[in-house]
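Reading through the structure tokens given below for one structure.
Heavy-atom basis, side chains included; hydrogens, waters and symmetry copies ignored.
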Amino acid sequence: MSSAEYEKQLTQAGIHLTALRLLVWRTLRTEFQNAFSLADVEQKLPTVDRSSIFRSLVTFVSAKLLHEVDDGSGAQKYCVCHSHNTLHCHGHVHLTCRICHRTFCLVDVKIPPVPIPQGFAVEETEYIVKGICSDCATQQ
């Protein structure tokens with residue numbers, strides 16, 4: 001993908017374009033196929049200030065270019081929305097490996113409907129499956 005295409009994605013999402021945001025966005029799109037943490041991004045961008053990376057992540061979440069995943073690891077994780085329809089980011093299952101702590105988006109596995117008591121307003125739904133990923137399973 002060219003720099004112009006990354007710029008277009010950010011501007012179409014309503015994000016004010018800066019060199020830093022472009023760098024962070026390009027890094028997220030090229031370096032991460034699954035969920036990642038702030039620390040993971042810091043490792044890829046060692047010369048960039050942690051707070052600047054964090055502010056970019058928050059901006060991308062607000063613009064629905066990323067979605068947050070609470071996988072129980074204690075570290076907030078994020079996933080890139082890989083389609084033009086960012087609604088795919090919501091309502092799918094995540095798989096977390098209890099050995100390596102990686103989290104995978106299972107975008108084709110939808111969260112099943114859950115009957116909610118009357119008067120209760122759902123704000124978000126998370127569905128995390130914990131187990132052992134194939135890489136860790138072959139190492140045991």
Non-neighbouring partners of Gln139 that pass side chain to side chain contact (heavy atoms under 4.5 Å, CB included), sequence neighbours left out: none
Pairs involving residues 68-78, ordered by first then second residue, that meet salt bridge (charged side-chain N to carboxylate O under 4.0 Å, His left out) (sequence neighbours left out): Asp71-Lys77
Set of residues satisfying side chain to side chain donor-acceptor pair (under 3.5 Å) with respect to Asp40, sequence neighbours excluded: Ser37
Residues which pass side chain to side chain contact (heavy atoms under 4.5 Å, CB included) with Glu7, listed by chain and number, not counting sequence neighbours: Ser3, Leu17, Leu22
Aromatic ring pairing His94/His67, orientation class (parallel under 30°, perpendicular over 60°, tilted between): tilted
Partner residues of Thr125 under the side chain to side chain donor-acceptor pair (under 3.5 Å) criterion, sequence neighbours left out: none
Transitive ILVMFWY cluster of Val122, excluding itself - 4.5 Å side-chain cut-off: Val114, Ile116, Phe120
Co-members of the apolar cluster containing Ile132 [side chain, <4.5 Å]: Ile99
Residues forming a side chain to side chain donor-acceptor pair (under 3.5 Å) with Thr138, sequence neighbours excluded: none
Side chain to side chain contact (heavy atoms under 4.5 Å, CB included) partners of Thr47, counting only residues at least two apart: none
Listed partners of Ser134 passing side chain to side chain contact (heavy atoms under 4.5 Å, CB included), at least two apart: none
Same apolar cluster (I L V M F W Y, side chains within < 4.5 Å links), Ile53/Val69: no
Sequence-distant partners of Phe104, ring-ring contact (aromatic ring centres under 6.0 Å, His included), two or more places apart: none
Side chain to side chain donor-acceptor pair (under 3.5 Å) partners for Lys130, two or more places apart: none
